[in-house]
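Written out below as structure tokens is the structure these notes cover.
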Amino acid sequence: MELIILIVMILAFALLVFLTKFPIGVSLAISAVLGALIAGYGVPVRHLVEGTFAYLDPILIIATAMIFMEIIKATGALGEISRLIIIHLHDRPFWMLTLITLFIMFPGMITGLSTAAVLTTGAIVAPALMHLGIPRVKTGTIIAMAALFGMVAPPINVPAMIIGGGVDMPYIGFELPLLFASLPLAIFTTLAIGYRYVKSVDIEKVLEKLPEKPEYRSAWRLFLPIIILVILMLVTRIFPSKYTSLGMPLIFIIASLTAFKSGKNFNFYKVALQAIHDAMPVMGILVGIGMFIQIMTLTGVRGFLIVNATQLPSFWLYIGIMISLPLFGAISSYGASYVLGVPFLLALLGQNEIIVASGLTLVASLGDLMPPTALAGIFAAQVVEEKNYFRILKVCLPYALLVAIYGIGMILLANVLEKFLIV
Amino acid sequence: MLKIIYLLITGLILILSIVDLFKEKNWRNQLTHLIVLIPLILRVLLIK
Amino acid sequence: MKNSKIRAIVILFFSVFLAAVAGRDFLRMRQPEPIYPGQGISEKKMLSDYFSPLRGTNGDTEVYFFEGENPGATVLILGGTHPNEPAGFITAICLIERAQVQAGRLIVIPRANNSAFSHNDPQEANPQRFFIPTPHGMRWFRFGSRNTNPIDQWPDPEVYRHFPSGQKLSGGETRNLNRSYPGKPDGSLTEKVAFAIMELLRKEKVDLAFDLHEASLEYPVINAIVAHNRRRNIFAVSPIANGAIN
């Protein structure tokens, strides 16, 4: 019975998205209602609404991050940064790409959200990469992948915390394993995609294409919102206390407010409205996911999945991890860590749990590339202004496979890696 | 204090979402607003 | 007026309607289930009597006292630290309604995290109430959440640092009473509740305290013991610890 409900929900979802062209969030909501109906629960309004609250805080983060991004675009700060990157780094391509990768990863590292990375630093470097000659789609891929690795990289890896919370394991000692899981892959991926385009750049030609140097009083003032953003993100983490734990939404709002009179003038109301308009589909997806998972739990589908996933024999268990974690991530990578990551870790007890959990989060992070939700892919497409995000996902595919194999490798070799990675 | 600020931020997003609902022309996209507004309303009213 | 504007009004109205339907259910969780104190009760206090800033908040909760005729030790029993683990809560209620103390003192807090009783965890699809038939009719109890209601404590930090150990936990754990001891008088609501319970332990000179829990649903951790690496030997030989932890 659970299997039937699951199939109906997924089929209904696929039909609604691809045939009737409903927005993804609405499709998730409708298929959730359908699932509840055939399981005999009627239309459980309380459950449907309750499920959405799991994503209220992420919704606030995305909405405020979008407002911030639209504002620094409007003041001209975004364009100016990419101009400076090109002028100062174009003759050292290896270091340029490595630095850009770390730069994109940074917001993901400290927020644990790949979308935060795509929408802030990803958006900042996107024009620069494209002006340097990297094609639009590949630029989007670089940003999406680096954002994914940023989400995995320490100090903040939310899936690891979620899995840890599920088995009462504190979030301690994850720094090295997570660095091992993310950094080598991140630098390799960017170089593999982008190096050949930036090996030799004809700087004169690129400079011709760049927009004119915008007028502003001082670079200091123009970049103040970004500097404030970085400082606040760091301070709240280095000196955590009641007074400094502002949270990402408030940090984005404060940074946005410092943008007034920093460069070109802008109308806050108009810019914010545009930002909410752009963020609406993703907010809808998050709300839809919340309803979908709650109904999966209500109808027993979630328990069915967990019980079957953890009882797989060992070879199939690894295959199961490789397939089901990213696949479930199509709904949400946090959801996958919560619903499947915890039972998988329990099924793998006996190997070093910290390294196993780190490997699991690496595999789970791929969920942010899994259509139809593919948050990292959708936003990457948005920042490079590519209409069809599937074209970005296609380029990501081989690298995603590499990530999955690397993650499984970490799990298999957990007890060997333990000697090097656990202090 | 932080809670009040967050309620204000939620309220701001709620208002902007409602304005965007009225500017949206495509009825399918308007359905997205339908589901997004619900949790925002309930949090602003301190019900859930 | 254009069609899209009319649709917008209809959709806005429908949103508010659905919010109202769900909201009525959510508000129902704030109504406490009746507890019928038995004859063994000698005194009833509030947790805020031990830490006054809790007064008037949803963190304040009832404390029941049983005084034996003969001198003896003082025992504290906490139910409802995690209101989604009903066995602990029901055990505490059974004691309040039935216990007779002959020697020493018994203190029972049935709803240790009172705020956590007033909502359900998203995505868990838990029932709001469960029912137990008794000779005197059907009794109902709330099935709450593991954590304090975000209405009472919001927003969560991205990373919760436990005071005073500095241990890092995922942000939502900041609302988990069982991750908040010994608490902080100027901390979050949950830390204040933990501090108040510690104050009670100190002022009432409690000799032995039990915190009643249950295993998580859906995960194979029944009869599991969570212990520190350095204390595995002790927990392995003390089945009594089973159920008193987690």
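Hydrogens, waters and symmetry mates are skipped; everything else that's a heavy atom, side chains included, is used. The chains referred to below are lettered A, B, ... by the order of the sequence lines, with proteins before strands, and numbering in each begins at 1.
Here the shortest heavy-atom pairing between A:T297 and C:A125 reads CB-CB, 3.9 Å. When all heavy atoms are compared, the tightest approach of C:N126 to A:H47 is O-CE1, 3.7 Å. Across every non-hydrogen atom of C:L18 and A:V45, the tightest pair is O-CG1, 3.9 Å. The minimum heavy-atom distance linking C:P122 with A:G51 is given by the pair CB-O, 4.2 Å. Taking every heavy atom of both residues into account, C:N120 and A:R46 meet most closely at OD1-NH1, 3.6 Å.
No part of A:M291 comes within reach of chain C, as not one of its non-hydrogen atoms sits under 4.5 angstrom from that chain. Residue A:L250: no heavy atom, backbone or side chain, is found under 4.5 Å from chain C. Proximity to chain A is absent for every atom of C:P150, based on heavy atoms less than 4.5 angstrom apart. Heavy-atom distances place no part of C:N176 under 4.5 Å from chain A, backbone and side chain included. With a 4.5 Å cut-off on non-hydrogen atoms, A:Y55 touches chain C through its side chain but not through its backbone. Only the side chain of C:F26 has a heavy atom closer than 4.5 Å to any heavy atom of chain A. Only the side chain of A:L56 comes within contact range of chain C, judged by heavy atoms closer than 4.5 Å.
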For this session: Determine, step by step, whether C:Q123 and A:F53 satisfy the side-chain contact (heavy atoms from CB on, under 4.5 Å) criterion, reporting the C-alpha distance in whole Å, the side-chain angles of both residues, the deciding distance to 0.1 Å, and the verdict.
Result: CA-CA 8 Å; C:Q123 315 221 310; A:F53 276 86; over 6 Å; no

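Interface summary for chain A: among C:R24, C:E173, C:Q128, the most heavy-atom pairs under 4.5 angstrom belong to C:Q128.
Atoms CD and CD1, on C:E124 and A:I293 in that order, are 10.0 Å from each other to the nearest 0.5 Å.
Applying the 6.0 Å contact sphere to CZ of C:F14 captures no more than 12 heavy atoms from other residues, nucleotides or ligands. For C:R129, the CZ atom counts as densely surrounded, since its 6.0 Å shell holds more than 12 non-hydrogen atoms of other residues, nucleotides or ligands.
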